[in-house]
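Start at 1 with the first residue, then count along the sequence.
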Amino acid sequence: MKETPLSPCEKNFVIQAIKQNQRLDGRNNDEFRSLKINYGADWGSVIVALGETKVLAQVSSELGQPKATRPNEGLLHINVELGPMAASHFEAGRNCELTVQLNRTLERTFKDSRAVDLESLCVISEEHVWLLRVDLNVLNHEGNLIACCSVATLCALAHFRRPEVSIIKDEIRIHTSAEKEPLRMVMHHYPVCVTYVIFDDGRIALADPTLLEERTSDTQLIFGLNSFEELCCLNLGGSALKSPMLLLQCSKKAAKHVKNVVDLVKTSLEKDSEARETGKKVGFAECFRENAIITLDKDRLVLRLRNFTFNDASEDDQSSKETALYSSVNDKPNTKWIPEALSDSNDNSFSIESDAGASVSDEHLETTAQECLEYDGSQTNFPLNRMTHTIGQNGNSDSEEEEKIIL
């Protein structure tokens with residue numbers, strides 16, 4: 001099933017809002033969405049929510065044979081699954097272009113940067129090593145999947161505990177958690193991916209884009225950084241980036257954001273370990289009871305625009321429309337805004353002779369307003385809180401002028 005294409009009206013609406021430094025969800029250009037981390041009862045299971053984008057990660061391990069080129073290192077495999085639960089246009093069990101991009105970016109970020117100590121996974125050189133597999137299941141796709149998947153992979157690997165192994169007479173025995181305490185993963189650094197999208201030929205960069213912003217952007221820029229401000233991965237998709245200064249500015253802001261994310265991950269790991277040591281209930285079931293994990297309680301698109309105007313509509317057209325509907329006191333004589341059916345009828349308006357200075361009674365005003373409302377039965381065309389004065393000449397007299405107040 002193909003993804004529903006965006007209409008030109010939707011694209012123009014998003015681009016105009018971004019050019020006015022406004023995003024549809026009310027964030028600033030360099031502002032990121034809130035990040036929530038919830039761990040499961042099993043080691044290495046976690047649900048990460050980046051705004052409305054949600055990813056479930058699970059780490060599993062088994063003994064296997066190493067590669068011939070690296071006989072004393074374990075293996076790490078990362079797999080991302082995109083199904084109909086994430087979005088309606090994804091098909092279960094079928095890889096798409098986005099799946100391949102996510103897998104390759106995550107492998108470069110974690111495997112090529114040597115984030116995990118693979119030598120610690122060796123049991124017997126050239127014979128038995130631990131094979132780690134990280135399965136990522138996207139629960140909801142609302143933009144910036146690579147950042148959410150990278151945080152989920154990091155949390156799952158840091159939270160995972162592999163079983164203790166002992167060798168007795170060339171036989172490998174895997175101990176349960178009741179027999180021996182499982183071992184933590186040895187990680188050299190904590191990498192995180194940060195995504196920016198570029199608009200207006202490289203003049204505007206948006207951090208943590210939503211799905212609608214990704215589909216309307218010119219270029220997508222992905223940084224893989226760790227807390228030491230070291231670059232692990234760089235991916236540039238779309239049109240060529242013309243401004244090198246924009247690349248440097250985005251990298252500096254991304255490095256600061258990565259430090260905050262790594263601190264949040266470490267804090268969440270400490271809280272989970274303290275809860276397990278004190279005997280508290282942990283897991284996804286407990287998170288549901290505490291309402292820490294909830295479903296989508298909002299619409300997929302929440303508009304929070306402030307002072308938004310369309311650039312395509314000219315000021316002259318807008319002023320001409322307003323003049324056609326309403327006329328002010330300073331307008332020229334004989335200016336009329338009411339329909340012809342009302343202008344020809346003398347029952348729907350009343351006049352005050354300026355020379356006599358007489359005042360209009362409230363009963364006459366209410367009667368005239370009621371007659372105007374009965375013209376089409378709608379109050380929206382004739383609002384009572386907005387009255388307009390027009391000056392015109394009297395048809396019966398050439399010298400006297402009348403002030404007509406039309407509702």
Chemist: Might you work through the side chain to side chain contact (heavy atoms under 4.5 Å, CB included) test for Ile167 and His128, ending with a clear yes or no?
Modeler: CA-CA 11 Å; Ile167 304 174; His128 297 284; over 6 Å; no
Chemist: Are Phe284 and Leu56 packed together at the side-chain level, in the sense that at least one heavy-atom pair is separated by less than 4.5 angstrom?
Modeler: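 Phe284 reaches Leu56 side chain to side chain.
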Chemist: How close do Pro71 and Cys122 get, counting heavy atoms only, and between which atoms?
Modeler: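 So the minimum-distance heavy-atom pair works out to O-SG, 4.5 Å.
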Chemist: Could you check whether atom CE of Met187 has more than 12 heavy atoms from other residues, nucleotides or ligands sitting under 6.0 Å from it?
Modeler: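 Counting other residues, nucleotides and ligands, CE of Met187 exceeds 12 neighbours.
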Chemist: If you measure from CD on Glu81 to CG on Leu139, what distance do you get to the nearest 0.5 Å?
Modeler: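 It is 12.5 Å, given to the nearest 0.5 Å.
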Chemist: Check whether any side-chain heavy atom of Leu63 sits under 4.5 Å from a side-chain heavy atom of Ile174, and report yes or no.
Modeler: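 Answer yes - side chains close enough.
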Chemist: Does some side-chain heavy atom of Thr195 sit less than 4.5 Å from a side-chain heavy atom of Gln220?
Modeler: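 Gln220 reaches Thr195 side chain to side chain.
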Chemist: Would you mind reporting whether Gln16 and Gln22 have side-chain heavy atoms less than 4.5 Å apart?
Modeler: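 When only atoms from C-beta onward are counted, Gln16 and Gln22 do not touch, as no gap falls below 4.5 Å.
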Chemist: With no hydrogens and no angle check, is any side-chain donor or acceptor of Arg23 less than 3.5 Å from a backbone partner on Asn28?
Modeler: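 A pair under 3.5 Å: yes.
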Chemist: With distance as the sole test, does Thr53 use its side chain to make a donor-acceptor pair with the main-chain N or O of Glu142 at under 3.5 Å?
Modeler: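 A pair under 3.5 Å: yes.
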Chemist: When you measure from the side chain of Ser268 to the backbone of Val265, do you find a donor-acceptor pair of N or O atoms at a distance under 3.5 Å?
Modeler: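 Present.
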Chemist: Report yes or no: does Arg133 contribute a side-chain atom to a donor-acceptor pair with the main-chain N or O of Gln58 at less than 3.5 Å?
Modeler: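 Looks like no, no N/O pair under 3.5 Å.
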Chemist: I'd like to know whether Leu106 forms a side chain to side chain contact (heavy atoms under 4.5 Å, CB included) with Ile146, so could you lay out the CA-CA distance, the side-chain angles of the two residues, the decisive distance to 0.1 Å, and finally the verdict.
Modeler: CA-CA 8 Å; Leu106 291 175; Ile146 183 61; 3.9 Å; yes
Chemist: Output yes when Asp208 and Arg27 qualify as a salt bridge under the 4.0 Å nitrogen-oxygen rule, no when they do not.
Modeler: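 The answer is yes: the pair qualifies as a salt bridge.
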Chemist: For Glu10, is the CD atom crowded, meaning more than 12 foreign heavy atoms sit under 6.0 Å from it?
Modeler: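 Yes, because the 6.0 Å sphere around CD of Glu10 holds more than 12 heavy atoms from other groups.
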Chemist: Should we count CD of Glu31 as having more than 12 external heavy atoms under 6.0 Å?
Modeler: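 Yes, the 6.0 Å shell around CD holds more than 12 heavy atoms from other groups.
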Chemist: Is the shortest heavy-atom distance from the side chain of Leu98 to the side chain of Phe90 under 4.5 Å?
Modeler: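 In short, these two side chains touch, coming nearer than 4.5 Å.
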Chemist: Any non-hydrogen side-chain atom of Glu73 less than 4.5 Å from a side-chain atom of Val129?
Modeler: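 Counting from C-beta outward, Glu73 and Val129 never come under 4.5 Å.
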Chemist: I'd like to know whether Leu183 forms a side chain to side chain contact (heavy atoms under 4.5 Å, CB included) with Glu164, so could you lay out the CA-CA distance, the side-chain angles of the two residues, the decisive distance to 0.1 Å, and finally the verdict.
Modeler: CA-CA 6 Å; Leu183 301 179; Glu164 180 66 39; 3.0 Å; yes
Chemist: Evaluate the ring-ring contact (aromatic ring centres under 6.0 Å, His included) criterion for residues His257 and Phe32: first the C-alpha distance (whole Å), next the side-chain angles of each, then the deciding distance (0.1 Å), finally the verdict.
Modeler: CA-CA 9 Å; His257 175 67; Phe32 295 84; 3.6 Å; yes
Chemist: Just to verify, which of Val55, Asn103, Asn144, Ile78 counts as forming a side chain to side chain contact (heavy atoms under 4.5 Å, CB included) with Cys149?
Modeler: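 Result: among Val55, Asn103, Asn144, Ile78, Val55 is the only option passing the side chain to side chain contact (heavy atoms under 4.5 Å, CB included) with Cys149.
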Chemist: Does a side-chain N-to-carboxylate-O contact under 4.0 Å join Glu179 and Arg173?
Modeler: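 Yes.
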Chemist: So which atom in Leu82 and which in Cys96 form the shortest heavy-atom distance, rounded to 0.1 Å?
Modeler: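 Between these two residues, the closest heavy atoms are CD1-SG, 4.0 Å.
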Chemist: Any idea which heavy atoms bring Val282 and Ala41 closest together, and the distance?
Modeler: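 Taking every non-hydrogen atom into account, O-CB, 4.0 Å.
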Chemist: How about Arg70: does its CZ atom have over 12 heavy atoms from other parts shown lying under 6.0 Å from it?
Modeler: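 Incorrect, the count does not exceed 12.
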Chemist: Can you tell me how far SG of Cys287 sits from CD1 of Ile47, rounded to the nearest 0.5 angstrom?
Modeler: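 Here the rounded value is 7.5 Å.
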Chemist: Closest approach of Leu132 and Ser61, non-hydrogen atoms and distance?
Modeler: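 Leu132 and Ser61 have their closest heavy atoms at CD2-CB, 3.6 Å.
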Chemist: Can you give me the closest heavy-atom contact between Glu214 and Gly143, atom names plus distance?
Modeler: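 Glu214 and Gly143 have their closest heavy atoms at OE2-C, 3.8 Å.
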Chemist: State whether the number of non-hydrogen atoms from other residues, nucleotides or ligands found under 6.0 Å of Lys180 atom NZ is greater than 12.
Modeler: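 Count over threshold, so yes.
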Chemist: Atom CD of Glu52 and atom NZ of Lys54: how far apart are they, to the nearest 0.5 Å?
Modeler: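 Answer for the CD-NZ pair, Glu52 versus Lys54, is 6.5 Å.
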Chemist: What distance separates Leu154 CG from His189 NE2, expressed to the nearest 0.5 Å?
Modeler: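 Result: 10.5 Å between the selected atoms.
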Chemist: Hey, could you give me the SG/CZ distance between Cys193 and Phe110, rounded to the nearest 0.5 Å?
Modeler: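 Going from SG on Cys193 over to CZ on Phe110, the span is 6.5 Å.
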Chemist: Run Leu24 and Phe13 through side chain to side chain contact (heavy atoms under 4.5 Å, CB included) and show every step you take.
Modeler: CA-CA 10 Å; Leu24 299 186; Phe13 179 75; 3.5 Å; yes
Chemist: Just one of Leu246, Leu248, Leu247 clears the side chain to side chain contact (heavy atoms under 4.5 Å, CB included) bar with Cys250, so which one?
Modeler: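 So the option named by the test is Leu246.
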Chemist: Nearest 0.5 Å please: distance from the CG atom of Asn79 over to the CG atom of Asn137.
Modeler: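 Answer for the CG-CG pair, Asn79 versus Asn137, is 9.5 Å.
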Chemist: Does a side-chain N-to-carboxylate-O contact under 4.0 Å join Lys259 and Glu229?
Modeler: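 Between Glu229 and Lys259 there is a salt bridge, with a charged N closer than 4.0 Å to a carboxylate O.
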Chemist: State whether Glu3 and Arg215 are salt-bridged, where the test is any N-O pair (Lys NZ or Arg NE/NH1/NH2 against Asp/Glu carboxylate O) under 4.0 Å.
Modeler: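 Salt bridge flag = yes for Arg215 with Glu3.
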Chemist: Indicate the atoms forming the closest heavy-atom contact of Ala57 with Leu136, along with that distance.
Modeler: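 Nearest heavy atoms, Ala57 then Leu136: CB-CD2, 3.3 Å.
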Chemist: Anything under 30° is parallel, anything over 60° is perpendicular, the rest tilted; go ahead and classify Tyr39 against His159.
Modeler: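 Parallel.
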Chemist: Treating Lys19 as the side-chain partner and Asp200 as the backbone partner, does any N or O pair qualify as donor plus acceptor under 3.5 Å?
Modeler: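 Not confirmed, Lys19 side chain does not pair with Asp200 backbone.
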Chemist: Val192 versus Leu225: any side-chain heavy-atom pair under 4.5 Å?
Modeler: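 They are not in side-chain contact.
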Chemist: Decide yes or no for Glu97 and Val100: does some side-chain heavy atom of the first lie under 4.5 Å from some side-chain heavy atom of the second?
Modeler: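 Result no, sub-4.5 Å side-chain heavy-atom pair not found.
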Chemist: Using modelled atom types only, decide if a donor and an acceptor are shared between the side chain of Asn235 and the backbone of Ile222 within a distance under 3.5 Å.
Modeler: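 Flag not set: sc Asn235 to bb Ile222 has no pair under 3.5 Å.
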